[in-house]
Undergrad: 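A single structure is presented below for examination.
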Amino acid sequence: MADFFDDQNNMEEDDDIITLYNEATDKDEDFYHLATLDVDERWFIVMKPVEKLPDIEDDEVLIYEIQEDDDGNDVFVAIEDEALLDKVFDEFQKELEAYEAEHGDEE
């Protein structure tokens, strides 16, 4: 798992980046899109900040549920249910392990 986060530091500029507006700081912040997961027929996104943010540790990721608003646009919704959050994170870890098993020696 730690290797994955180390590798993320070497992502290139053309990698999938999502910009989110942070209301608390009144700034746009960029995140690497690490995964989109289907868990229990619901969709979730996993992201990591491009630049160090004060409230997110280097080995932490952000996970949001993807839902549609009334206009049919995708919106990211915070996950309040701790058990659901753990389940999605466990699925993310399984995906990472499978990826590392398949691509571990490629560099």
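This chain uses plain numbering: 1 for the first residue, then up along the sequence.
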Undergrad: Side-chain contact, heavy-atom cut-off 4.5 Å: Asn22 with Leu53?
TA: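 The answer is no, as the side chains (C-beta and beyond) never meet within the 4.5 Å cut-off.
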
Undergrad: Which residues satisfy the side-chain hydrogen bond (donor to acceptor under 3.5 Å, both in side chains) test with Lys94, sequence neighbours excluded?
TA: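 Lys94 satisfies side-chain hydrogen bond (donor to acceptor under 3.5 Å, both in side chains) with no other residue.
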
Undergrad: With side chains defined as the heavy atoms from C-beta onward, is the minimum distance between Ile66 and Phe76 less than 4.5 Å?
TA: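 Ile66 reaches Phe76 side chain to side chain.
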
Undergrad: So, Asp71 side chain and Asn73 main chain: donor-acceptor pair closer than 3.5 Å or not?
TA: no

Undergrad: As an exercise, state the distance from NZ of Lys87 to CG of Leu37, rounded to the nearest 0.5 Å.
TA: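 Reported to 0.5 Å precision, the distance equals 12.5 Å.
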
Undergrad: State, with a plain yes or no, whether a side-chain heavy atom of Ile17 is found less than 4.5 Å away from one of Phe31.
TA: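 Ile17 vs Phe31: side chains apart.
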
Undergrad: Is there a path of hydrophobic side-chain contacts, each under 4.5 Å between heavy atoms, that joins Met47 and Leu96?
TA: no

Undergrad: For a side chain to side chain contact (heavy atoms under 4.5 Å, CB included) check, start with the C-alpha distance between Leu84 and Phe44, then their side-chain angles and the critical distance, and finish with the verdict.
TA: CA-CA 11 Å; Leu84 176 61; Phe44 300 88; 4.0 Å; yes

Undergrad: Run the side chain to side chain contact (heavy atoms under 4.5 Å, CB included) test on Ile45 and Asp74 for me, step by step, so that the C-alpha distance in whole Å, both residues' side-chain angles and the decisive distance to 0.1 Å come before the verdict.
TA: CA-CA 11 Å; Ile45 187 166; Asp74 287 343; over 6 Å; no

Undergrad: Is any side-chain heavy atom of Val46 closer than 4.5 Å to a side-chain heavy atom of Glu95?
TA: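 No - every pair of side-chain heavy atoms lies 4.5 Å or more apart.
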
Undergrad: Would a hydrophobic clustering, with Ile, Leu, Val, Met, Phe, Trp and Tyr connected at side-chain separations under 4.5 Å, put Val50 with Leu62?
TA: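 In one cluster with Val50: Leu62, no.
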
Undergrad: When you look at Glu51 and Asp30, which way does the side chain to side chain contact (heavy atoms under 4.5 Å, CB included) test go after all the steps?
TA: CA-CA 7 Å; Glu51 296 179 7; Asp30 293 332; over 6 Å; no

Undergrad: Would you indicate whether Lys52, at its atom NZ, is surrounded by more than 12 heavy atoms from other residues, nucleotides or ligands within a distance under 6.0 Å?
TA: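 Atom NZ in Lys52 is crowded, with more than 12 foreign heavy atoms closer than 6.0 Å.
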
Undergrad: Group every Ile, Leu, Val, Met, Phe, Trp and Tyr by side-chain heavy-atom contacts under 4.5 Å, then state whether Leu34 and Tyr64 land in the same group.
TA: no

Undergrad: Looking only at non-hydrogen atoms, find the nearest pair between Glu65 and Ile79 and report the distance.
TA: N-CG1, 4.0 Å

Undergrad: So which heavy atom on Glu29 is nearest to which on Thr25, and how close?
TA: OE2-OG1, 3.8 Å

Undergrad: Say you draw a straight line from CD of Glu82 to CZ of Phe89; how long is it, rounded to the nearest 0.5 Å?
TA: 12.0 Å

Undergrad: Does Leu20 belong to the same Ile/Leu/Val/Met/Phe/Trp/Tyr cluster as Ile56, with side-chain heavy atoms less than 4.5 Å apart forming each link?
TA: yes

Undergrad: Taking all heavy atoms of Lys48 and all of Asp58, pick out the closest pair and write down the distance.
TA: NZ-O, 2.7 Å

Undergrad: Supply the members, apart from Tyr21, of the Ile/Leu/Val/Met/Phe/Trp/Tyr cluster built from side-chain contacts under 4.5 Å; use none for a lone residue.
TA: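 The other cluster members (ILVMFWY side chains, heavy atoms under 4.5 Å, direct or chained): none.
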
